[in-house]
2 protein chains.
Amino acid sequence: MPARAKVTREEILDTALRLADEVGLAGLTMRGVGDRLGVTPMALYRHVGDKQGLLDGLVERLLTGELPDPGLPWRERLHRQGAILRAAARRHPQVFPLLLARRAATDAALSARDGVYQALREAGVPEDQVPRVERLLSTFALGFAASEAGGRFRSEQEADADFAFAEELFGQMIESLTAAAE
Amino acid sequence: MPARAKVTREEILDTALRLADEVGLAGLTMRGVGDRLGVTPMALYRHVGDKQGLLDGLVERLLTGELPDPGLPWRERLHRQGAILRAAARRHPQVFPLLLARRAATDAALSARDGVYQALREAGVPEDQVPRVERLLSTFALGFAASEAGGRFRSEQEADADFAFAEELFGQMIESLTAAAE
DNA sequence: ACCTGAACACCGTTCAAGT
DNA sequence: ACCTGAACACCGTTCAAGT
């Protein structure tokens, strides 16, 4: 008679993310997660591998969210993509630094990147410049969001204004690349 | 007869930084540092407070370096400042993420910021725009260096080229701000 | 003043055992 | 198949004691 599973990977990651939000990354513990689920810490190992696997799962969770509607104009799509990242950083400031430490090659990360590629193409950025511009944008957005999570800005207003300033700047850059291509 | 100090804060931070470089942040241990210094882990507490204090000391260490020669033209000074940060990230990729997690208000960080302020003024950026532009530059540089430390770029060549691309872009932005002010 | 040793309350993880 | 309990080799930190 196979024992019925008491926990799932999903539940474990939910609980771990919530626990990390409350007590920080340093306080995130296999034992703590097990306790909250009413299960021995060793029960988690079958579902997430080990603690490293748990952390990788959290990184996934951070990025899996809505993607911008592909029907929107490119500028708006890029804006939304940035907003999604910043929202994740504000929602899980304790966990967010993991994103920078371990580079994410999850499906969510890859399809976000493809979305930016597509937006840049629509904007008219020459094909051979697209990957570089995407790296520039995503590096900035990631760094900005991480800085925000780390409390580097004095207020959310200041962060909003700074981000809008950067968007304006990058918008101009994209237009100048587009113009040069014609 | 007061016991003579067997270790100093400097030695402790040196050893801790080296140990973290070798075994990563997770492997950095009060006991490990003590062992390397031939001293009980508890001997460290008098000099660095606690483990948090040790980590804070490492963040200091990361930033305390040479500042760009103030006699150089502003563009070159900004370039050097970026290069210094990236060099720190490449030298201590394991430790670098700490910089983003805990915002650094060390003397070194503050005088780097003042240096950038000064460079922007020399470039002709209007005074009321200086802090915002500095935040933009430092956020980008920090995020870029952290991404580099995290292995987000395929090669050092790619990173160099991307950074140069960004510098060009920011240079244009600074010039347009300067022109608008005249 | 500074270091030591023992002790406490934790960790992640293994492994054999249960159902 | 999945969970449990005991055990191992670690942690950071306290506290009284030594010099």
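These figures come from a predicted structure and were not determined experimentally. First the proteins, then the strands, lettered A, B, ... as listed; each starts at 1.
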* **Nearest heavy-atom neighbours spanning Phe144(A) and Thr139(B)** => CA-CG2, 3.6 Å
* To do: Tell me whether the OP1 or OP2 atom of dA1(C) has a side-chain N or O from Lys6(B) closer than 4.0 Å.
  => no
* To do: Report yes if a side-chain nitrogen or oxygen of His47(A) is closer than 4.0 Å to either non-bridging phosphate oxygen (OP1 or OP2) of dC3(D); otherwise report no.
  => yes
* **Side chain proximity check, Phe96(B) to Leu85(B), heavy atoms < 4.5 angstrom** => yes
* Does the side chain of Leu100(B) reach to within under 4.5 Å of the side chain of Pro97(A), using non-hydrogen atoms? -> no
* To do: For Arg132(B), check salt bridge (Lys or Arg N to Asp or Glu O under 4.0 Å) against everything at least two apart and list the hits.
  => Asp162(A)
* Arg86(A)/Glu156(A) ion pair, N-O < 4.0 Å -> no
* Is Arg61(B) salt-bridged to Asp14(B), cutoff N-O under 4.0 Å? -> yes
* Tell me whether the guanidinium CZ or amine NZ of Arg135(B) lies under 6.0 angstrom from the six-membered ring centre of Phe153(A) and within 45° of its axis. => no
Just the table, please: protein N/O against nucleotides 9-12 of chain C N/O, every pair under 3.5 Å.
residue : atom : partner  : partner atom : Å
dC11(C) : O5'  : Thr29(A) : OG1          : 3.3
dG12(C) : OP1  : Met30(A) : N            : 3.1
dG12(C) : OP1  : Lys51(A) : NZ           : 3.3
dG12(C) : OP2  : Met30(A) : N            : 3.1
dG12(C) : N7   : Arg31(A) : NH1          : 2.3
dG12(C) : O6   : Arg31(A) : NH1          : 3.4

* Nearest-nucleotide wise, let me know which of Gly38(A) and Gly49(B) is further upstream toward the 5' end of DNA chain D. => Gly38(A)
* To do: Within residues 10-24 of chain B, find the residues that approach DNA chain C with a heavy atom at under 4.0 Å, and present them sorted by residue number.
  => none
* Taking the inter-plane angle between the rings of Phe140(A) and Phe140(B) on a 0 to 90° scale, is it parallel (under 30°), tilted (30 to 60°) or perpendicular (over 60°)? -> parallel
* To do: Give DNA chain C the dot-bracket treatment, 5' to 3': Watson-Crick (N1-N3 with N6-O4 or O6-N4) or G-U (N1-O2, O6-N3) under 3.5 Å, [ ] crossing, | other strand.
  => ||.|||||...|||||.||
* To do: Specify the separation, in whole Å, of atom CZ of Arg46(B) and atom P of dT14(D).
  => 13 Å
* Structure fact -> From the candidates dC3(D), dT4(D), dC3(C), the one with an atom nearest any side-chain atom of Thr40(A) is dT4(D)
* Residues two or more places apart in sequence or in another chain: which of them pass side-chain hydrogen bond (donor to acceptor under 3.5 Å, both in side chains) with Gln118(B)? -> Arg121(B)
* Asked: With sequence neighbours left out, which residue pairs that include part of residues 24-36 of chain B fulfil the salt bridge (charged side-chain N to carboxylate O under 4.0 Å, His left out) condition?
  -> Glu22(B)-Arg36(B)
